S.K.: 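Below is one structure. I have some questions about it.
Per chain, numbering begins at 1; letters A, B, ... match sequence-line order. Since this is a predicted model, take the numbers as computed values, not measurements.
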Amino acid sequence: MKTSREPVRKPPAAPEPAPLPAALPEAELPAHEREELRRAFETQRGFFGSLKSVDHKVIGKRYVITALVFFVLGGIEAMTMRLQLAKPENSLLGPDLYNQVFTMHGTTMMFLFAVPVMEGLAVYFVPLMVGTRNVAFPKLNAFGYWIYVLGGAFVYGGFFLNRGNDTGWFSYVPLSGPQYAPSHRVDIWANMITFTEVSALAVAIEIIVTAFKQRAPGMSLNRIPLFVWSVITTNFMVIFAMPAVMLASGYLALDRLVGTHFFNPAEGGDPLLYQHLFWFFGHPEVYIIFIPALGMVSTILAASTKRPIFGYTALVLSVVATAFLGFGLWVHHMFATGLPQLGESFFTVASMMIAIPSGVQIFCWIRSLWGSRPRMTTPFLFVLGFFFIFIAGGMTGVMLASVPFNLQVHDTFFVVAHFHYVLIGGAVFPLFGALTFWFPKLTGRLLSETLGRWTFAVMFVGFNLTFGPMHWLGFRGMPRRVYTYLPEMGWGPANLAATIGAGMLGVGVLLFLINAARSLRSGEAAGNNPWGASTLEWATSSPPPPYNFERILVVSNRDPLWKPEEMAVVTGMRTDRREVLTTRPLDAEPDHRAVLVGPSIWPLFLAFALAVGLVGSVFTPWAILLSGFLFLVAMIGWYWPKGEPSGHNARTAS
Amino acid sequence: MSSRRTVDVSRLPDITLDSGALFWWATAGLIAIEAMSFAIIIATFIYLRMTVTDWPPPTLPPPDLRWGIAGLVVLVISCVPIRMAEKIAGRGRPEEDRRRIAALIRVFLLIAAVAVAIRLLEFPGTHCKWNNSAYGSVIWTTLGIHLLEALAGFAEFAVVAAVLVGSHAEEKHLLDVRACALFWYFIVAVWIPLFGMIYVFPRLS
Ligand code: HEM
């Protein structure tokens, strides 16, 4: 058997393997069994039925679309800020509204767009890539989505009622404490954090369990697709990082609402505690956003070069190492707070160490590209854009890791430039590449390549025009989070350039949306595997049927679809109920056949129960009691047996 | 069909009661999250202890040990019926065993109710309030969050017991007994360091 470690100089345009159905006729089911399977897994019809859906594809798509809506909202906020800063002493936004807008922008992008969009793609693709029929806990999955939407609606409801948080996306105390922020603005924000973190934790559990317990037989740990590895890593980070921010925002809410003193130095508390807790989450958060993007890059690279990625093991290990190091870095956001010298040096070293795994990955990718003749498709262009922008952002990151430099540019636009290079280069470009790459699987139709290339070009130029000048503005002393500046500072032209760039970036995103809308109406049909990629999501139709695969596939290498002759299928699964095959975590030997839960309204109800508590507690602590009662009702409803054998749908066959 | 290209799984069991079960993994994940949260609460306590000079406030008597110890003991005892119920559930015979398991759970619910009652006495036993000082805030929050966890575990078991005596009890509910038990052991185990933090620590300094 060939492995990826063999010389990869074979001709790039390998002969197209036969499409799966022809190569593996055993993978098809007799028509009546297929019909049974469809009935067992499908989402019920009608509005009410759609609220009960527990199909990971339905929920994953909802996540992605909702997150893109928030991306557009956050983008509109960004454009408003850029218009305000386009010239000195502009008066589009006053200081108070500007504060709300930049806080909403940061909050939206971090909590309501970047993390959920990656989660949504994971929810959609992990079960497909590991070859199973649904996530391990379908109702939990639905609950996670509902609580996320409710949280987003809550914080935007507040914003439209002039209750948008105005203390920045990390809302440091004492500014956000009861003394300096007396209105409900911060309360709403603090409780919104809990909504989104609960949602992330729900996804984390089900993705980890799905990836460890429901892989196709034969998909041992060293055959897991790289995207799945990156998502597993991310979700472990979620489990260890999110509790910190839930407690940080929880303590903050308690200080504000019932008069505790966690952050009040007059009564034995400490404001720096908030910063520690926040960044213990906040720095891993950045990796939570961009590690899935690393997996997307590897996925797109392999499909574009049509050969296995170089250094699979090194890539997996460096992703895991990045995750570990990511937890040792939080203090580098606090260099300006006067921590002990030795401590600062330690965190400087840790911050620079992160360059090692990143370097390993870059070299693996370069080696994968070396001597290949990749197809210059839109997804591939976005990957190239990622390389360029992300490396530039990484460079300014290494600069920021040095304490004296950090103190110099602290809270200037240099920092704004740096983190947009990292976040947009590291996450948004790969994301748009991945959306283009997977669009055919999600919808059954291809996006237009011409429009796609234009999208990329406009976004790339627009991006650099927006954020490039901000480095210079930072050096020239322009602080972040100011609503305007004086003409004598000489910052006008660079700011104008940035605003024009932001407009271009907006046009780029618009082009993408137009492309998607056009393709949905009249796009070219995609077929199962338009890119000739090697992972299992391409083994089924586009879009996949409710049950994903007619028969569960058995794999014997990392790139199953490139060697269909080595694949096999599982027989003996029941088709009349929601059955999945569980396998053992290491070697993916079949273990047992588990029966999954079906459509249910209780996840939505449970999300409401929690929302009553989180929204209500802003106004009165008694809301917690009501919420607790509803929670109990929801728990009973969720769990109570339906009086039919498990795994069957209630409807009788029609 | 050539057998080389098919893997027959029709003879695999459709439920397992051991750690291979999906629900068992979910509980383990939940425990990881909770453990992390409690670790951060302890870190909060230690951090404030290190940075604040008067911690706990010097005039404050240490929390009342009587209720603290009583609460700890009752919590540990509550594990006994759960352990017995869990063992029986492991035999995988829902029809024969479900009533016995439900009876054991009811014994547990009684003991756990006593533990909750004692917890309500532990709050005034701290001699401080959540809004007197940051020390009081940490202690009250710890007691409160742990109480909420315990109530959740209690409610879970109450529902499971009700299902077990109902007419739809199946083998998978035995798995739920085991998963709930795992969660309850965690609630009790995590109380031991928290107990040390609340009751022992102030007596050392
Ligand atoms: C789409 C184009 C974008 C533009 C034009 C843009 C523009 C800006 C500007 C001008 C600021 C600074 C405001 C100030 O300090 O006065 C800002 C802040 C910020 N942006 Fe963006 N941004 C964009 C996308 C993103 C994305 C995709 C993310 C995250 C994934 C993001 C995350 C943030 C954060 C976290 C802040 C800090 C907010 C704060 O200071 O509290 N931005 N953005």
Side-chain angles (χ1 to χ4, degrees), chain A residues 24 26 136-137 140 201 204-206 208-209 212-214 217 239-240 242-244 246-247 251 254-255 258-265 267-270 272-273 276-277 280 554 567-573 579 581-582 584 590-595 628 632 635-636 639-643 646, chain B residues 1-2 4-16 20-23 25-26 29-30 32-34 36-37 39-41 43-44 47-48 51-57 130-138 140-141 148 151-152 155-156 159-160 162-163 166-170 172-173 176:
Chain A
L24 196 64
E26 295 93 333
F137 310 112
L140 184 67
L201 287 166
I205 291 191
E206 91 222 354
I208 290 175
V209 178
F212 276 140
K213 286 297 299 175
Q214 286 177 217
I239 288 186
F240 292 106
M242 296 296 177
M246 275 173 63
L247 283 169
Y251 291 165
L254 287 173
D255 270 13
V258 299
T260 55
H261 298 291
F262 286 99
F263 306 128
N264 178 3
E267 298 291 348
D270 183 6
L272 274 189
L273 172 63
H276 279 294
L277 290 176
F280 184 79
V554 180
M567 270 164 95
V569 298
V570 170
T571 60
M573 301 265 300
E579 202 171 83
L581 183 65
T582 71
R584 295 205 197 97
D591 186 24
H592 69 287
R593 296 174 296 146
V595 178
L632 196 65
M635 213 169 101
I636 295 173
Y639 183 71
W640 206 260
K642 307 274 176 302
S646 4
Chain B
M1 227 182 261
S2 71
R4 190 181 64 79
R5 310 203 68 185
T6 57
V7 174
D8 183 19
V9 297
S10 55
R11 286 221 292 257
L12 287 181
D14 55 8
I15 187 160
T16 166
L22 296 178
F23 197 54
W25 279 66
L30 181 66
I33 294 170
E34 303 282 350
M36 191 64 203
S37 311
I40 290 170
I41 289 179
T44 304
Y47 176 85
L48 289 177
T51 46
V52 178
T53 24
D54 290 335
W55 182 274
W130 71 92
N131 56 4
N132 293 151
S133 67
Y135 174 79
S137 310
V138 176
W140 275 65
T141 307
L148 285 181
L151 286 175
E156 257 181 12
V159 178
V160 171
V163 171
S167 55
H168 300 310
E170 295 182 59
K172 71 170 183 186
H173 299 118
D176 299 342

S.K.: Between A:R584, A:E267, A:M242, A:M246, which has the largest tally of heavy atom pairs under 4.5 Å with chain B?
M.R.: A:E267

S.K.: Please name the pair of heavy atoms, one in B:H168 and one in A:P641, separated by the smallest distance, quoted to 0.1 Å.
M.R.: CB-CB, 3.6 Å

S.K.: Sort A:P217 into side chain, backbone, both or neither according to what part of it lies under 4.5 angstrom from a heavy atom of chain B.
M.R.: neither

S.K.: Heavy-atom distances under 4.5 Å only: say whether B:L148 touches chain A with side chain, backbone, both or neither.
M.R.: neither

S.K.: Can you tell me which portion of B:T51 sits under 4.5 Å from chain A's heavy atoms? Options are side chain, backbone, both or neither.
M.R.: side chain

S.K.: With a 4.5 Å cut-off on heavy-atom pairs, point out which of B:Y135, B:Y47, B:W130 contacts chain A the most.
M.R.: B:Y47

S.K.: If I compare all heavy atoms of A:P243 with all of B:S37, which pair ends up nearest, and what's the gap?
M.R.: CB-OG, 3.5 Å

S.K.: Relative to chain A, which of B:V160, B:D8, B:I41 shows the most heavy atom pairs under 4.5 Å?
M.R.: B:D8

S.K.: Heavy-atom distances under 4.5 Å only: say whether A:N264 touches chain B with side chain, backbone, both or neither.
M.R.: neither

S.K.: Against chain A, work out which of B:G29, B:A155, B:G20 has the most heavy-atom pairs shorter than 4.5 Å and name it.
M.R.: B:G20

S.K.: Contact part of A:L632 toward chain B, heavy-atom cut-off under 4.5 Å: side chain, backbone, both or neither?
M.R.: side chain

S.K.: Pairing donors with acceptors under 3.5 angstrom, does anything connect the side chains of B:S137 and A:Y251?
M.R.: no

S.K.: Evaluate side chain to side chain contact (heavy atoms under 4.5 Å, CB included) for B:D176 paired with A:Y639, printing each intermediate quantity in order.
M.R.: CA-CA 10 Å; B:D176 299 342; A:Y639 183 71; 2.3 Å; yes

S.K.: Most heavy-atom pairs under 4.5 angstrom with chain A, which of B:V159, B:L48, B:L12?
M.R.: B:L12

S.K.: Taking side chain as everything from C-beta outward and backbone as N, CA, C, O, which of these in A:M573 sits under 4.5 Å from a heavy atom of chain B? Side chain, backbone, both or neither.
M.R.: both

S.K.: Exactly one of A:T571, A:D591, A:V570 should register a side-chain contact (heavy atoms from CB on, under 4.5 Å) with B:V9. Which one does?
M.R.: A:V570

S.K.: Please state whether the side chain, the backbone, both or neither of A:E206 comes within less than 4.5 Å of a heavy atom of chain B.
M.R.: neither

S.K.: Could you tell me which portion of A:F137 (side chain, backbone, both or neither) has an atom closer than 4.5 angstrom to a non-hydrogen atom of chain B?
M.R.: side chain

S.K.: Quick one: which of B:A32, B:A21, B:A26 has the most heavy-atom pairs under 4.5 Å with chain A, could you say?
M.R.: B:A26

S.K.: Over all heavy atoms of both residues, which pair between B:N131 and A:G259 is shortest? Give the atoms and the distance, please.
M.R.: CB-O, 3.1 Å

S.K.: Which bit of B:A162 is near chain A, if near means a heavy-atom gap under 4.5 Å: side chain, backbone, both or neither?
M.R.: both

S.K.: May I ask you to decide if the ring planes of B:W25 and A:F212 are parallel, tilted or perpendicular, using 30° and 60° as cut-offs?
M.R.: tilted

S.K.: Using a cut-off of under 4.5 Å on heavy-atom pairs, state which of B:L30, B:T141, B:I40, B:L22 scores highest against chain A.
M.R.: B:L22

S.K.: If I measure from the heavy atoms of chain B, does A:I208 come under 4.5 Å with its side chain, its backbone, both, or neither?
M.R.: neither

S.K.: Would B:I33 and A:I205 count as a side chain to side chain contact (heavy atoms under 4.5 Å, CB included) here? Give the steps.
M.R.: CA-CA 9 Å; B:I33 294 170; A:I205 291 191; 3.8 Å; yes

S.K.: Got a sec, which residues hit salt bridge (Lys or Arg N to Asp or Glu O under 4.0 Å) with B:D14, two or more places apart in sequence or on another chain?
M.R.: A:R577

S.K.: Using the side-chain contact (heavy atoms from CB on, under 4.5 Å) criterion, which residues pair with A:A204? Sequence neighbours excluded.
M.R.: A:N235, A:V238, A:I239

S.K.: Which atoms of A:L254 are under 4.5 Å from chain B, going by heavy atoms: the side chain, the backbone, both sets, or neither?
M.R.: side chain

S.K.: If I compare all heavy atoms of A:F280 with all of B:M36, which pair ends up nearest, and what's the gap?
M.R.: CE2-CE, 3.6 Å

S.K.: Please tell me if the side chains of B:V7 and A:V569 come closer than 4.5 Å, counting only heavy atoms from C-beta onward.
M.R.: no

S.K.: Which of the residues A:V258, A:L273, A:L201 is involved in the greatest number of heavy-atom pairs with chain B at under 4.5 angstrom?
M.R.: A:L273

S.K.: Do the side chain of A:R593 and the main chain of B:I15 share a donor and acceptor less than 3.5 angstrom apart?
M.R.: no

S.K.: Which atoms of B:E156 are under 4.5 Å from chain A, going by heavy atoms: the side chain, the backbone, both sets, or neither?
M.R.: both

